[in-house]
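Reminder, nothing fancy here: chain letters follow the sequence lines and each chain counts from 1.
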Protein chains: 2
Amino acid sequence: MLQGHQSWIFNSKPTILASAAVGGPFEANGALADDFDILHEDLWLGQDSYEKAEKVLLEHACERAIKKSSIKKEDINFFLSGDLMNQIISSSFTARTLGIPFLGLFGACSSSMESLSLAAQLIESKCAKYVLAAASSHNAAAEKQFRYPTEYGVQKPPTAQWTVTGAGAAVLGEQGDGPKITSATIGRVIDMGISDPSNLGAAMAPAAVDTIEAHFRDLNIDASYYDLIATGDLGKVGHELANSLLKTHGIEMPRDIFTDCGLLIYKKDQPVFSGGSGCGCSATVTYGHFLNRMRRGELKRILVVATGALMSPISYQQKESIPCIAHAVSIEM
Amino acid sequence: MLQGHQSWIFNSKPTILASAAVGGPFEANGALADDFDILHEDLWLGQDSYEKAEKVLLEHACERAIKKSSIKKEDINFFLSGDLMNQIISSSFTARTLGIPFLGLFGACSSSMESLSLAAQLIESKCAKYVLAAASSHNAAAEKQFRYPTEYGVQKPPTAQWTVTGAGAAVLGEQGDGPKITSATIGRVIDMGISDPSNLGAAMAPAAVDTIEAHFRDLNIDASYYDLIATGDLGKVGHELANSLLKTHGIEMPRDIFTDCGLLIYKKDQPVFSGGSGCGCSATVTYGHFLNRMRRGELKRILVVATGALMSPISYQQKESIPCIAHAVSIEM
């Protein structure tokens with residue numbers, strides 16, 4: 001049910017029956033490699049295009065999550081997914097493979113938590129028995145579409161981020177063993193006038209802070225409720241900015257519980273500039289690393305605040321600034 | 001609540017408190033001009049790009065629907081919208097203008113009914129008091145992105161369709177006067193192997209038939225329940241194909257109640273090939289023409305089955321066929 005202006009409380013506590021994370025070669029050499037279900041050494045995944053490779057990543061994540069859940073594919077009512085590709089072709093073509101009724105979403109890198117929050121909402125309201133939620137991104141497919149083909153070898157500034165090659169998926173059900181979704185906050189678009197697509201972390205930080213503030217206000221809680229609060233892909237630059245914005249807004253946020261998926265996924269010596277990004281970043285870190293830590297009892301309550309930059313190459317060329325958004329999902333063990 | 005495998009029954013009957021349709025010059029000369037709230041003589045809407053013009057169309061539709069509803073913008077919990085532009089920038093930038101918490105959707109031309117069905121679902125489940133649902137398209141922006149800039153004057157085959165320059169929006173609430181949303185059916189992706197983007201009507205017809213069949217099966221009704229059943233944008237070619245597919249599937253569909261928004265919106269002498277298309281087609285025909293007819297008492301029960309072709313220029317270049325989908329929403333007076 002609605003809580004406050006823009007949050008949902010899930011009294012029935014929809015369960016994540018199973019989740020899966022699939023990654024590419026960069027993620028295989030990253031800090032969270034052990035938390036991936038499948039790691040591909042080949043950036044092409046045996047396909048003849050990066051776009052097709054991303055589709056295969058997402059198919060693998062969905063198929064693995066379904067298999068782990070022991071739910072029959074035919075019993076899943078809806079597939080909710082989004083990605084960064086124009087016309088979300090990774091999600092749409094995966095929906096074709098799966099044959100599950102499909103709701104396509106786009107929230108850029110926030111698509112991971114947009115799909116998870118709506119999936120939980122459908123279970124809570126008895127509008128679905130089982131839902132599959134997913135999101136994906138592919139480094140080379142995203143570079144080619146949003147910036148330059150990687151073969152050009154274009155230099156990047158240190159504020160740039162590294163799009164994760166990965167896909168995450170989760171099967172949700174009304175009851176069962178596993179982490180529970182307890183609430184979600186849907187973000188509004190915030191645009192502070194930043195127009196540099198090589199500094200998306202800074203552009204997205206205000207949206208993350210706005211959603212965290214709304215979440216605390218709507219639920220009448222503060223940061224102490226959680227063991228861990230993670231933004232999606234702010235990276236180093238955006239994370240520091242978020243910390244100082246939270247302070248400006250008078251929101252107490254202990255440094256030791258506040259992190260960012262883009263800061264966790266790679267090792268310090270990997271050349272990822274300001275950190276990881278992409279729908280696949282928050283999706284794989286949440287559906288792999290965080291949920292594994294919850295299942296091991298290391299974390300009890302987490303809030304994942306996936307951030308998204310809603311620009312396109314056309315809006316950038318037309319001198320528009322970058323509208324950003326963040327959606328937050330609360331998961332408890 | 002869930003009904004059958006892929007449908008929702010809305011027992012609380014969420015109300016369309018107000019709706020608005022905005023169109024361009026081609027629509028102003030069309031068959032349904034009287035049903036538009038605003039018609040622009042200038043395809044550019046005073047902007048310096050077609051993309052910005054589409055955003056203004058959508059902003060106008062949203063602002064007009066909100067004004068007609070007498071609901072304060074600040075009281076609307078969520079804005080659900082989709083469009084055809086890469087990264088749905090028309091919707092995202094309109095969400096920035098509105099400042100309402102935003103769920104971005106992509107179902108190509110089916111986005112109109114994807115947003116309406118989810119909006120009704122959020123009201124039904126008490127996860128929102130008021131929701132704004134919308135969709136848009138712009139002829140020249142879509143031609144430029146999916147095919148060729150219109151300035152090239154590329155010739156088209158008779159199976160091609162004419163993307164509607166238009167936006168439609170609706171404000172939904174728990175109760176009040178106006179047409180009620182009574183059920184919705186979420187489609188699955190159907191791909192019969194058609195790969196010609198100049199024949200989308202034929203590609204989408206099987207998806208429309210699949211969703212109509214699922215709707216009748218899940219709700220245990222047949223076509224006689226409705227005064228009118230309209231697909232989104234199959235056009236002449238797709239409509240004929242849908243008629244014959246329905247026959248093959250043993251589904252009785254009286255010719256006099258089965259129509260298509262793309263067949264209704266333009267006059268016979270307008271050079272629109274097989275008919276209208278785009279998110280704006282089903283959105284403006286539904287939120288303008290159909291709802292006006294319902295409010296006048298001419299129609300009691302209608303089913304709008306918005307169809308979408310989930311391809312991208314990249315998937316076409318990579319020799320993929322076209323995955324299609326259709327979402328159906330039942331509206332009763």
Side-chain angles (χ1 to χ4, degrees), chain A residues 1-2 5-6 8 48-49 51-52 74 77-79 82 84-89 91-93 95-108 110-111 114 118 121-122 124-129 145 185-191 214 308 310-315 318 320 323 325 327, chain B residues 1-2 5-6 8 48-49 51-52 74 77-79 82 84-89 91-93 95-108 110-111 114 118 121-122 124-129 145 185-191 214 308 310-315 318 320 323 325 327:
Chain A
M1 59 172 226
L2 185 68
H5 182 62
Q6 61 195 89
W8 299 323
D48 58 8
S49 77
E51 292 82 9
K52 290 182 186 174
E74 295 69 29
N77 301 104
F78 306 107
F79 171 48
L84 298 175
M85 291 291 94
N86 295 343
Q87 289 73 52
I88 60 164
I89 49 171
S91 297
S92 300
F93 281 80
R96 179 178 74 179
T97 306
L98 294 169
I100 302 170
F102 171 55
L103 289 161
L105 308 175
F106 181 79
S110 74
S111 303
E114 184 181 353
L118 276 171
Q121 194 274 336
L122 290 176
E124 162 83 5
S125 58
K126 301 202 180 300
C127 280
K129 281 183 185 157
Q145 179 181 281
T185 297
I186 302 303
R188 58 189 178 134
V189 171
I190 303 287
D191 184 337
L310 304 174
M311 40 88 65
S312 80
I314 282 275
S315 71
Q318 295 182 1
E320 282 279 9
I325 200 162
H327 303 303
Chain B
M1 58 173 229
L2 184 68
H5 182 64
Q6 62 195 90
W8 299 322
D48 59 8
S49 77
E51 293 81 10
K52 290 182 185 173
E74 295 68 30
N77 301 104
F78 305 107
F79 172 47
L84 297 175
M85 291 291 94
N86 295 343
Q87 289 75 51
I88 59 164
I89 48 171
S91 297
S92 300
F93 281 80
R96 180 178 73 178
T97 306
L98 294 169
I100 302 170
F102 172 55
L103 290 160
L105 308 174
F106 182 79
S110 74
S111 303
E114 183 181 353
L118 276 170
Q121 194 275 333
L122 289 176
E124 161 83 4
S125 59
K126 303 203 179 297
C127 279
K129 281 182 186 159
Q145 178 181 281
T185 297
I186 302 303
R188 59 189 177 134
V189 172
I190 304 287
D191 184 338
L310 305 174
M311 39 87 66
S312 80
I314 282 275
S315 71
Q318 294 182 2
E320 283 279 8
I325 199 162
H327 303 302

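- Contacts between B:Ile314 and chain A at a heavy-atom distance below 4.5 Å involve the side chain alone, from C-beta outward.
- For a residue to count as touching a neighbouring chain, one of its non-hydrogen atoms must lie under 4.5 Å from one of that chain's; by this rule A:Phe78 touches chain B with the side chain only.
- The candidate from A:Ile190, A:Ile89, A:Thr185, A:Asp48 with the greatest count of non-hydrogen atom pairs under 4.5 Å with chain B is A:Ile89.
- Comparing A:Gln121, A:Lys129, A:Glu124 by heavy-atom pairs within less than 4.5 Å of chain B, the highest count is held by A:Gln121.
- Using a 4.5 Å cut-off between heavy atoms, A:Ala95 touches chain B through backbone and side chain atoms alike.
- With hydrogens and angles disregarded, a donor-acceptor distance shorter than 3.5 Å links the side chain of B:Asn77 to the backbone of A:His5.
- Interface check for chain B: of the options A:Met311, A:His327, A:Arg96, the most heavy-atom pairs under 4.5 Å are formed by A:Arg96.
- Most heavy-atom pairs under 4.5 Å with chain B, from the set A:Gly82, A:Ser125, A:Ser110: that is A:Ser125.
- For a residue to count as touching a neighbouring chain, one of its non-hydrogen atoms must lie under 4.5 Å from one of that chain's; by this rule B:Gln6 touches chain A with backbone and side chain alike.
- Within the 4.5 angstrom heavy-atom criterion, no atom of A:Leu98 approaches chain B.
- Proximity to chain B involves both the backbone and the side chain of A:Gln318, based on heavy atoms less than 4.5 angstrom apart.
- In terms of heavy-atom pairs under 4.5 angstrom with chain A, the leader among B:Ala108, B:Gly107, B:Gly187, B:Ser111 is B:Gly187.
- A:Ile325 touches chain B through its side chain: at least one heavy atom from C-beta onward sits under 4.5 Å away, while N, CA, C and O do not.
- For chain A, the option among B:Lys52, B:Lys126, B:Glu114 with the highest count of heavy-atom pairs below 4.5 Å is B:Glu114.
- Of the N and O atoms on the side chains of A:Gln87 and B:Asn86, at least one donor lies less than 3.5 Å from an acceptor on the other residue.
- Contact annotation for B:Phe106: both backbone and side-chain heavy atoms come within less than 4.5 Å of a heavy atom of chain A.
- When atom types are taken as modelled, the side chain of A:Glu51 and the backbone of B:Ser315 share no donor-acceptor pair closer than 3.5 angstrom.
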